[in-house]
Amino acid sequence: MHSYRLCGARLAQAAAAKGDLSSYAIAKRTGLNQTTLSRNRRGMVQPAAKTLLILATAYGLSVDDLIEVNETAKEAA
């Protein structure tokens with residue numbers, strides 16, 4: 001089983017391109033809870049599919065663009 005996390009750098013870059021420079025701005029644009037965003041951006045939790053779809057849609061990205069596979073999970077596979 002693979003472990004993955006939100007690629008915070010890619011999200012930040014896409015958000016900044018739309019003028020969203022804070023978690024508050026991202027939350028406002030997407031309707032996601034700021035706490036949920038923060039936990040995902042810091043890699044504390046694996047993002048839910050729904051969260052990834054919302055972010056991808058809001059920022060013109062694919063879900064694959066937003067996923068970063070955990071290196072230790074790659075080695076174990």
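Because the structure is predicted, anything quoted here is derived from the model rather than measured.
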Flag if over 12 foreign heavy atoms under 6.0 Å of CZ, Arg10:
no
Just wondering, more than 12 heavy atoms not from Lys18 lying within 6.0 Å of its NZ?
yes
Shortest non-hydrogen pair, Ala58 vs Thr30, comes out as CB-CG2, 3.7 Å
Measure across Gln46 and Ser3 and return the closest heavy-atom pair with its distance rounded to 0.1 Å.
NE2-CA, 3.2 Å
If you round to the nearest 0.5 Å, how far is [atom2] of [Y] from [atom1] of [X]?
X     : Y     : atom1 : atom2 : result
Leu32 : Asn40 : CG    : CG    : 8.5 Å
Ser22 : Gln34 : OG    : CD    : 7.0 Å
Tyr59 : Leu66 : OH    : CG    : 10.5 Å

Spell out, yes or no, whether Leu53 and Ile26 are grouped together once hydrophobic residues are joined by side-chain heavy atoms under 4.5 Å, including indirect joins.
yes
Cluster check Tyr24, Ile54: I/L/V/M/F/W/Y, side chain < 4.5 angstrom:
no
When you compare the side chain of Leu6 with that of Leu52, does any pair of heavy atoms fall below 4.5 Å?
yes
Within a strict 4.5 Å, meaning less than it, do heavy atoms of the Leu55 and Leu61 side chains meet?
no
With Arg5 via side chain to side chain contact (heavy atoms under 4.5 Å, CB included) - residues at least two apart
Glu68
Within the side chain of Asp65, is there an N or O that forms a donor-acceptor pair under 3.5 Å with the backbone of Ser62?
yes
